Amino acid sequence: MDELLEDLVQKYLPFTNQGQLANYIPELTKVDKNALGIYVVSSDGKSSFAGDYQKRFTMQSIIKPILLLLALMDNGEDLVREHVGVEATGKPFDAINYTDQALLSEHLNPMVNMGAILLCTLLSGKNYSHKFQRLLELTRNLSGNSEIQVNEAVYESEKRTGNRNRALAFLLKSQGIIQDEVEDVLDCYFRACSIEADCKDLANIAFVFANRGRRPVSEERLFPARYAHYVNAILMTCGMYDGSGDFAIRVGVPAKSGVGGGIMAITPTRMGIGIYSPGLDTKGNSLAGIQVLEELSQKLYLSVF
Ligand code: GLU
């Protein structure tokens, strides 16, 4: 396995240049575009890795499945489903999907920004900083890494420039879908996106989803199997932005990408995979990261199809 990962990293390293860094969050342009790393955790507890697997990057949208999980743990499936739908939008993650019809919860999706902003309001907590702290604790617990922190520079950068997310949040507020102060809700969302991880953290988190809510080896249960089922199903249909259908054909596993260049891929019952390469394709997915995953999936028969 180590050799296979090393070969894939060497093979796809030259393609890292073809991607573009996300530049709408200025701080995200300060990274090395040629980085490529992968970490895999298997059901026997063994780990394999190659390339820049130790580089840290902000999770960005990869926090969305964890945000959804916490909302499910806090409120149960019925209430979450009542507020945020589950259908793919087929549109970019920050699309202002609104014409003249009423904006209904079934038009929202937890993997695109408007749905994720709404999920922040559903978390338990006495204020938004408490809600965020609970999300951070869950992320640390799932990854087994108590050192996980927010990258303050990315958080500040996003808070300063995130006007499209402000527009989305104000739209939710104008429709009465959220009641709280927009800036408080967004502060939780921006901090959540700025949580920093590496490929190992993503692989460990992915493994818990792959193992239906249990840690590797010890099998300690962290959340009900039903919630892994719920989150994995949404990741399969909507986790890779409006490239999710293409990804399902090429790779065929539930996964979530973020504009920081990470991908967290879940191969049910078998593996958790974390990948990092910050050059993005036109949909916002890690370009070399998908290439590595596509070949890994072919070689190890990972596709659930
Ligand atoms: N913080 C980013 C935003 O809201 C997340 C985008 C992403 O990774 O998809 O614009």
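Bear in mind that the values here come from a model prediction, so they are computed numbers and not experimental data. Order of appearance sets the numbers: ligands from 1, and atoms from 1 within every ligand.
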Hey, is Tyr24 one of the residues with a heavy atom under 4.0 angstrom from ligand 1?
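Heavy atoms of Tyr24 do come under 4.0 Å of ligand 1.
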Going by heavy atoms, is Asp94 under 4.0 Å from ligand 1?
no
Any N or O of Val259 that comes nearer than 3.5 Å to an N or O of ligand 1?
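Yes; the residue has a nitrogen or oxygen that sits under 3.5 Å from a nitrogen or oxygen of the ligand.
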Show your reasoning for whether ring pair (Phe, Tyr, Trp, His ring centres under 6.0 Å) applies to Tyr128 and Tyr189.
CA-CA 9 Å; Tyr128 278 87; Tyr189 175 77; over 10 Å; no
Atoms of ligand 1, numbered as shown, that sit under 4.0 Å from any heavy atom of [X]:
X: Gln60; answer: 1 (N), 2 (C), 5 (C), 8 (O)
X: Tyr189; answer: 3 (C), 4 (O), 5 (C)
X: Tyr241; answer: 7 (C), 8 (O), 9 (O)
X: Asn165; answer: 3 (C), 4 (O), 10 (O)
X: Glu158; answer: 1 (N), 2 (C), 3 (C), 4 (O)
X: Gly258; answer: 8 (O)
X: Ser61; answer: 5 (C), 6 (C), 7 (C), 8 (O), 9 (O)
X: Asn113; answer: 3 (C), 4 (O), 10 (O)

Can you list the steps and then say if Glu137 with Arg140 is a salt bridge (charged side-chain N to carboxylate O under 4.0 Å, His left out)?
CA-CA 5 Å; Glu137 286 308 330; Arg140 289 173 173 164; 3.0 Å; yes
Examine the side chains of Tyr39 and Asp198 and answer whether a donor and an acceptor come within less than 3.5 Å of each other.
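No, no side-chain donor-acceptor contact under 3.5 Å.
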Will you find, in the side chains of Glu295 and Gln291, an N or O donor that is under 3.5 Å from an N or O acceptor?
no
Taking the basic N atoms (NZ, or NE/NH1/NH2) and the acidic carboxylate oxygens, is any pair closer than 4.0 Å for Lys159 and Glu156?
no
Could you tell me whether Asp246 and Arg250 make a salt bridge, using a distance below 4.0 angstrom between a side-chain N and a carboxylate O?
yes
Taking Ser143 for its side chain and Asp201 for its backbone only, find out whether a donor-acceptor pair lies under 3.5 Å.
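Between the backbone of Asp201 and the side chain of Ser143 there is no qualifying donor-acceptor contact (under 3.5 Å).
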Could you measure the distance from the CE atom of Met264 to the CD1 atom of Ile275? Nearest 0.5 Å is fine.
12.5 Å
For ligand 1, note which part of Cys193 has a heavy atom under 4.0 Å away: side chain, backbone, both or neither.
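Within the 4.0 Å criterion, Cys193 contacts ligand 1 through side-chain atoms alone.
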